[in-house]
S.K.: 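This is the structure I have questions about; it appears just below.
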Amino acid sequence: MGLWTKEQLRAFIKENKLVSAQDAQNALKDLFAETLQEMLEAEMDTHLGYSKHDIQNKQTKNSGNGKSKKNIVSEYGEQEISIPRDRDGEFEPLVVKKHQSNVTGIEDQIIALYAKGVSTREIQDHLQNLYGIDLSPTFISNVTNKIIPLIKEWQNRPLQSVYAVVFLDAIHFKVKQDGAIVNKAAYMVIGIDLEGCKDVLGMWIGENESSKFWLNVLNDLKNRGVQDILITCVDNLNGFTQAISACYPQTEIQKCIIHQIRNSTRFVSYKDIKKVTADLKPIYKAVNEEMALLELDRFEETWGTKYPLIVKSWRNNWDELATFFKYPAEIRKIIYTTNIMESYHRQLRKVTKGKSIFPTDDSLLKMLYLATMDVTRKWTGRVQNWGQMLLQLSVFFPDRIGHFLK
């Protein structure tokens, strides 16, 4: 049962002659302001220790000193209320604080809408239609700017000392900079720790993908406590091998097979694509590296003359494409494709697709951070079959993770 009985509600409807939803909204708007006003009066009575009609119980020299007008924004739009004052100027209301003009969940709504990729213009329209509130783009921007300290805190939080698998990738966006539109890379890192839990370790906005920038990212991870990474999974990123070797020389690198296939078929004529991809499959589905190399030779016999670049690319990248062959099926499945990263990127794209150009790096970072918080909130369980995988990893890396398992 609500705060009112049915009889009281009916009396309220009758008294206010409510016949439409809009009438109800207007009546509630007035009721809200009156309720707020009464709460302020009650606060003042508590502050003074007596009510204004109860002078005989007055035990203080302080007293009421009129009221000051104040405009507030609530779910019911903009309204004027009167804030009681005391003669000593000590009254600090709690229900509507001194410099507060917003008494609503509007800020939470703005951030929730922003997190879903809703544009500033659409947020304005939404709040105007729903509450009759007219908010400026600057107000909306100021509200979302409140999360920037949270992003900094999140981006600098301490991390685990060892990660079993770390996925690194970049996703590209257009951002305005000095009056021009620049392609920027948002560098993303996802880690699976020794408990089998996955998390986004951080995100960095850079001009373009380069080994130098990746080295900054890896050094940042190191400064935040990551001492060791067993395996990194990457999408054939430019200069990544040099960066990882400089920062984590023991780490194994697995280049994503799916990306290698995509790169391989980029120059294949449409009529050959199905056959080429079918003939590549036995290479990465082979039981071991020896058999995979035999399948690569076979592929070269069939397609080497027509598509020599495909064979060259597989042979040049072989050391980092074939890393997964040494591992059992469960670990292979996680590391030879970057499915975890691909799925995360899909979620980010869903949120950012409405924005073809971001006005600043910060606006991009805010949206990616909020979308990431939405995604990672659902990452509650461990990776499937993790106990089995950890045992297998302890056989491959006894010196590096053995002491964690004792």
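Values reported hereafter were calculated over all heavy atoms of this structure, with side chains retained and with hydrogens, waters and symmetry mates removed.
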S.K.: Show the nearest heavy-atom pair for residues G191 and L201, with the distance to one decimal.
M.R.: N-CG, 3.8 Å
S.K.: Less than 6.0 Å separating the ring centroids of Y307 and F267?
M.R.: no
S.K.: Looking only at non-hydrogen atoms, find the nearest pair between R85 and S68 and report the distance.
M.R.: NH1-CB, 3.7 Å
S.K.: Just by distance, do the side chain of R332 and the backbone of F325 share a donor-acceptor pair under 3.5 Å?
M.R.: yes
S.K.: Let me confirm one number: the CD1-CD distance from I283 to E300, rounded to the nearest 0.5 Å.
M.R.: 10.0 Å
S.K.: When rounded to the nearest 0.5 angstrom, what is the spacing between CG in L296 and CG in L280?
M.R.: 8.5 Å
S.K.: How far apart are the closest heavy atoms of S264 and V268, and which atoms are they?
M.R.: O-CG2, 3.5 Å
S.K.: Hey, does W214 have a side-chain heavy atom less than 4.5 Å from the side chain of Q242?
M.R.: no
S.K.: Just verifying a value: how many Å separate I331 CD1 and K333 NZ, rounded to the nearest 0.5 Å?
M.R.: 13.5 Å
S.K.: Is any NZ, NE, NH1 or NH2 atom of the basic residue among E252 and K326 found under 4.0 Å from an Asp or Glu carboxylate oxygen of the other?
M.R.: yes
S.K.: Quick one: which residue pairs count as a salt bridge (Lys or Arg N to Asp or Glu O under 4.0 Å) with a foot in residues 153-163, not counting sequence neighbours?
M.R.: R157-D199
S.K.: Looking only at heavy atoms, what is the nearest atom pair of P328 and F396, with distance?
M.R.: CD-CE1, 3.8 Å
S.K.: Looking at side-chain heavy atoms only, is the closest gap between W318 and K255 below 4.5 Å?
M.R.: no
S.K.: Can any side-chain N or O of Q155 pair as donor or acceptor with the backbone N or O of M203 at less than 3.5 Å?
M.R.: yes
S.K.: When you look at F167 and V189, which way does the side chain to side chain contact (heavy atoms under 4.5 Å, CB included) test go after all the steps?
M.R.: CA-CA 6 Å; F167 302 87; V189 178; over 6 Å; no
S.K.: Are any of the side-chain nitrogens in K306 or D272 under 4.0 Å away from the carboxylate oxygens of its partner?
M.R.: yes
S.K.: Identify the heavy atoms of I229 and R400 that sit nearest to each other, and give their distance.
M.R.: O-NH2, 3.1 Å
S.K.: Side chains of I147 and I111: does their closest heavy-atom pair fall under 4.5 Å?
M.R.: yes
S.K.: Quickly, which of L168, D169, V217, D220 forms a side-chain contact (heavy atoms from CB on, under 4.5 Å) with Y187? Name it, please.
M.R.: V217
S.K.: Within the supplied structure, the quantity of interest is the number of heavy atoms (other residues, nucleotides, ligands) at a distance under 6.0 Å from K281 NZ; does it exceed 12?
M.R.: no
S.K.: What do the steps show when you test T372 against L348 for side chain to side chain contact (heavy atoms under 4.5 Å, CB included), and what is the final call?
M.R.: CA-CA 7 Å; T372 298; L348 296 183; 3.9 Å; yes
S.K.: Mind jotting down which residue pairs meet the salt bridge (Lys or Arg N to Asp or Glu O under 4.0 Å) criterion with at least one end in residues 386-397? Sequence neighbours excluded, please.
M.R.: none
S.K.: Could you check whether any side-chain N or O of D86 sits under 3.5 Å from a backbone N or O of E90, counting only pairs where one atom can act as donor and the other as acceptor?
M.R.: yes
S.K.: Please round to the nearest 0.5 Å and tell me the distance separating atom CD of E289 and atom CZ of F324.
M.R.: 9.0 Å
S.K.: With no hydrogens and no angle check, do the side chains of S313 and Q260 hold a donor and an acceptor under 3.5 Å apart?
M.R.: yes
S.K.: Can you give the donor-acceptor pairs under 3.5 Å from side chains of residues 382-393 to other protein atoms, not counting sequence neighbours?
M.R.:
{"unit_1": "R382", "atom_1": "NH1", "unit_2": "E195", "atom_2": "O", "d": "3.4"}
{"unit_1": "W386", "atom_1": "NE1", "unit_2": "L194", "atom_2": "O", "d": "3.0"}
{"unit_1": "Q392", "atom_1": "NE2", "unit_2": "E330", "atom_2": "OE1", "d": "3.3"}

S.K.: What I'd like to find out is whether the side chain of W204 reaches to under 4.5 Å of the side chain of F213, using heavy atoms alone.
M.R.: yes
S.K.: Does F173 reach the side chain of I357, with side-chain heavy atoms less than 4.5 Å apart?
M.R.: no
S.K.: Rounded to the nearest 0.5 Å, how far apart are NZ of K285 and CD1 of I257?
M.R.: 10.5 Å
S.K.: Taking all non-hydrogen atoms of both residues, which atom of K67 and which atom of P84 are closest, and how far apart?
M.R.: CG-CA, 4.0 Å
S.K.: List the residues meeting side-chain contact (heavy atoms from CB on, under 4.5 Å) with I123, not counting sequence neighbours, and say none if there are none.
M.R.: I110, L113, Y114, V118, L127, I140
S.K.: Quick one, D193 with K198, criterion salt bridge (Lys or Arg N to Asp or Glu O under 4.0 Å). Give me CA distance, side-chain angles, the key distance, then yes/no.
M.R.: CA-CA 7 Å; D193 63 21; K198 58 181 180 177; over 6 Å; no
S.K.: Can you list everything that forms a side-chain contact (heavy atoms from CB on, under 4.5 Å) with N145? Sequence neighbours excluded, please.
M.R.: S141, N142, I148, K366
S.K.: Tell me if a side-chain donor or acceptor on T360 pairs with a main-chain N or O of S363 at a distance below 3.5 Å.
M.R.: yes
S.K.: Using only atom types and a distance under 3.5 Å, with no angle test, would you say the side chain of T251 pairs donor to acceptor with the backbone of I231?
M.R.: no
S.K.: Test side chain to side chain contact (heavy atoms under 4.5 Å, CB included) on W154 and V200 and set out the steps.
M.R.: CA-CA 10 Å; W154 175 78; V200 176; 3.9 Å; yes
S.K.: Would you say that K174 contacts V182 through its side chain, given a criterion of any heavy-atom pair below 4.5 Å between the two side chains?
M.R.: no
S.K.: Using only atom types and a distance under 3.5 Å, with no angle test, would you say the side chain of N288 pairs donor to acceptor with the backbone of E290?
M.R.: yes
S.K.: Under a 3.5 Å threshold, yes or no: a donor from one side chain and an acceptor from the other, between Q177 and K184?
M.R.: yes
S.K.: Determine whether Y248 and K222 make a side-chain contact, defined as any pair of heavy atoms from C-beta on separated by less than 4.5 Å.
M.R.: yes
S.K.: Write out all pairs satisfying salt bridge (Lys or Arg N to Asp or Glu O under 4.0 Å) with one or both partners inside residues 138-152, taking only residues at least two apart or from two chains.
M.R.: E107-K146
S.K.: Got a salt bridge between R121 and D125, using NZ or NE/NH1/NH2 to carboxylate O under 4.0 Å?
M.R.: yes
S.K.: Hey, are the side chains of N219 and C247 touching, using non-hydrogen atoms and a 4.5 Å cut-off?
M.R.: yes
S.K.: Taking atom CD as the centre, does E80 end up with more than 12 heavy-atom neighbours from other residues, nucleotides or ligands that are less than 6.0 angstrom away?
M.R.: yes
S.K.: Side chain to side chain contact (heavy atoms under 4.5 Å, CB included), that's the test. Do I190 and V166 meet it? Break it down for me.
M.R.: CA-CA 6 Å; I190 295 176; V166 167; over 6 Å; no
S.K.: Roughly how far, to the nearest 0.5 Å, is the OG1 atom of T232 from the CD1 atom of I253?
M.R.: 5.0 Å
